[in-house]
Amino acid sequence: MKLLETLQLGRVELKNRIVMAPLGRARADAQRAPTELVATHYAQRSSAGLIISEACHISPSSATRTFSTANHTERQKHAWKKVVDSVHASGGVIFQQLTHVGRKALLSGLPKGERPVAPSAIAAFGGIMKENGLEEFPVPRELELHEIAPIVEDFRHSASLSRDAGFDGVEILAANGFLIDQFLRDVTNRRTDEYGGPVENRARFLLEAVDAVISEIGADRVGVRLSPYFRADKIDDSDPVGTFSYVVKELNRRGIAYIHILESRNYDETGDIPLHQRLVSKSTGGAGPRPGQPFLAPIMRKLFDGVLILNSGYDRETAEEAVATGYADAVSFGRLYISNPDLPERFRVGASLNEPDISTYYTNGPEGYIDYPFLDREAAVATHA
Ligand SMILES: Cc1cc2nc3c(=O)[nH]c(=O)nc-3n(C[C@H](O)[C@H](O)[C@H](O)COP(=O)(O)O)c2cc1C
């Protein structure tokens with residue numbers, strides 16, 4: 001299988017092309033530091049060619065969900081070092097995903113008195129499921145011009161802590177309707193200053209964050225996650241091909257290690273359903289083109305010389321096809337990695353897969369996090385011999 005072949009990614013050689021997608025699982029402590037459970041969870045999955053950590057917040061104002069992790073304090077950095085050490089000790093490679101959620105913050109998740117911030121004062125559709133039901137995203141406050149550079153600096157600072165914790169690299173989350181994505185797309189960015197209007201302006205914030213992180217850790221240790229067709233919270237763009245072609249060309253010029261594109265293989269006519277409902281209904285993850293829109297991965301492939309990782313709704317067969325036909329170098333798996341710690345081995349022998357349990361996605365404990373069974377190797381080989 002091509003998926004099981006090695007791949008050079010920046011300075012590291014991956015042992016296969018099966019990537020663990022970033023998965024926020026709310027297993028941090030009250031100060032947003034990863035617990036021992038987190039170290040166990042990732043070490044269990046270290047047979048992946050690459051692990052991309054859950055989205056980690058770069059500042060107190062960039063967070064939202066209770067018990068989601070962050071990396072902007074010394075204490076968080078030390079806790080992450082234990083996670084990275086346990087992955088490395090098990091032979092794995094791990095990048096840290098960094099994010100600012102922007103308008104997808106809840107008032108209850110921010111420091112007292114703060115409002116969510118965004119390029120423009122337009123609320124995200126939907127919210128986050130809490131114990132008492134859905135808490136909706138409020139209307140955010142438009143960022144003032146002088147407030148943007150400090151957020152870029154937060155990305156740089158957080159990347160320096162990632163490096164010091166021993167991570168092999170950093171993935172900047174510019175996808176899924178979070179702050180950078182809100183700047184990129186013209187439905188959520190209505191600014192009239194140098195961060196709004198033409199794509200050169202809308203991409204400025206992303207590229208400044210990328211340059212800041214490169215200055216800290218080097219381009220060959222940087223990846224960027226993009227979701228040109230994600231619109232589950234009513235983010236959208238009038239010209240996804242134009243917007244993302246410009247972005248990918250600029251990323252290519254900087255020589256970053258990889259781009260990570262969410263694009264479902266299926267045309268997606270249900271893109272306006274909020275993400276929490278889509279995940280519960282086991283949809284493909286929700287980042288596909290509308291009928292009439294082109295598949296972007298092959299277009300982006302031509303514009304980018306580094307590694308291209310694809311995601312959203314892939315399985316063993318479709319991932320192998322994507323890598324064999326060459327429009328992806330690697331494929332990442334989200335939900336399959338929640339429930340199958342040994343996914344490469346299962347793919348290799350063609351074994352059956354464990355189903356993920358949605359009810360434990362965000363519960364703050366070991367159940368549904370470190371207790372999914374590994375393959376019984378002998379039984380699996382006998383079945384598929
Ligand atoms: C529980 C859960 C948590 C997720 N957390 C993140 C995250 O922290 N960062 C991110 O970029 N995507 C996140 N995603 C999206 C996944 O990385 C992935 O794009 C999505 O599950 C679709 O891929 P799949 O079809 O292989 O599951 C999350 C998805 C799930 C189900």
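What's counted below: heavy atoms across the whole structure, side chains too, no hydrogens, waters or symmetry copies. Order of listing sets the numbers, starting from 1, for every ligand and every atom in it. As the structure is a computational prediction, the values presented were derived from the model and not from experiment.
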From Asn252, Leu308, Leu251, Val248, residue fulfilling side chain to side chain contact (heavy atoms under 4.5 Å, CB included) relative to Leu303: Val248

Ring-face cation of Arg27 near Tyr369 (centre distance under 6.0 Å, axis angle within 45°):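 Pair Arg27/Tyr369 counts as cation-pi.
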
Look only at interatomic distance and state if [X] has a nitrogen or oxygen under 3.5 Å from any nitrogen or oxygen of ligand 1.
{"X": "Tyr362", "value": "no"}
{"X": "Arg225", "value": "yes"}
{"X": "Asn311", "value": "yes"}
{"X": "Gly24", "value": "yes"}
{"X": "Tyr361", "value": "no"}
{"X": "Ala55", "value": "yes"}
{"X": "Gly334", "value": "yes"}
{"X": "Gly313", "value": "yes"}
{"X": "Pro22", "value": "yes"}

Answer whether the closest heavy-atom distance between the side chains of [X] and [Y] falls below 4.5 Å.
{"X": "Leu179", "Y": "Ser62", "value": "no"}
{"X": "Arg254", "Y": "Ile214", "value": "yes"}
{"X": "Ser339", "Y": "Leu353", "value": "no"}

Is [X] close enough to touch ligand 1? Criterion: a residue heavy atom under 4.0 Å from a ligand atom.
{"X": "Ser312", "value": "yes"}
{"X": "Tyr337", "value": "no"}
{"X": "Leu336", "value": "no"}

Which of the ligand 1 atoms, numbered from 1, are nearer than 4.0 Å to a heavy atom of [X]:
{"X": "Gln97", "result": "7 (C), 8 (O), 9 (N), 10 (C), 11 (O)"}
{"X": "Phe333", "result": "26 (O)"}
{"X": "Leu262", "result": "19 (O)"}
{"X": "Asn176", "result": "10 (C), 11 (O), 12 (N)"}
{"X": "Ala21", "result": "17 (O)"}

Basic-acidic side-chain contact under 4.0 Å: Glu194, Arg204: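 Salt bridge flag = no for Arg204 with Glu194.
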
Pairing of Arg11 and Asp168 as salt bridge, 4.0 angstrom limit: no

All ring pair (Phe, Tyr, Trp, His ring centres under 6.0 Å) counterparts of Phe183, not counting sequence neighbours: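 Partners of Phe183 under the ring pair (Phe, Tyr, Trp, His ring centres under 6.0 Å) test: Phe205.
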
Donor-acceptor contact present, side-chain Asp342 to main-chain Leu375, <3.5 Å: yes

Backbone N/O of Thr360 and side chain of Arg25: donor-acceptor pair under 3.5 Å: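 Confirmed, Arg25 side chain pairs with Thr360 backbone.
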
Structural part of Leu173 in contact with ligand 1, heavy atom criterion under 4.0 angstrom: side chain

With Thr69 via side-chain hydrogen bond (donor to acceptor under 3.5 Å, both in side chains) - residues at least two apart: Glu54

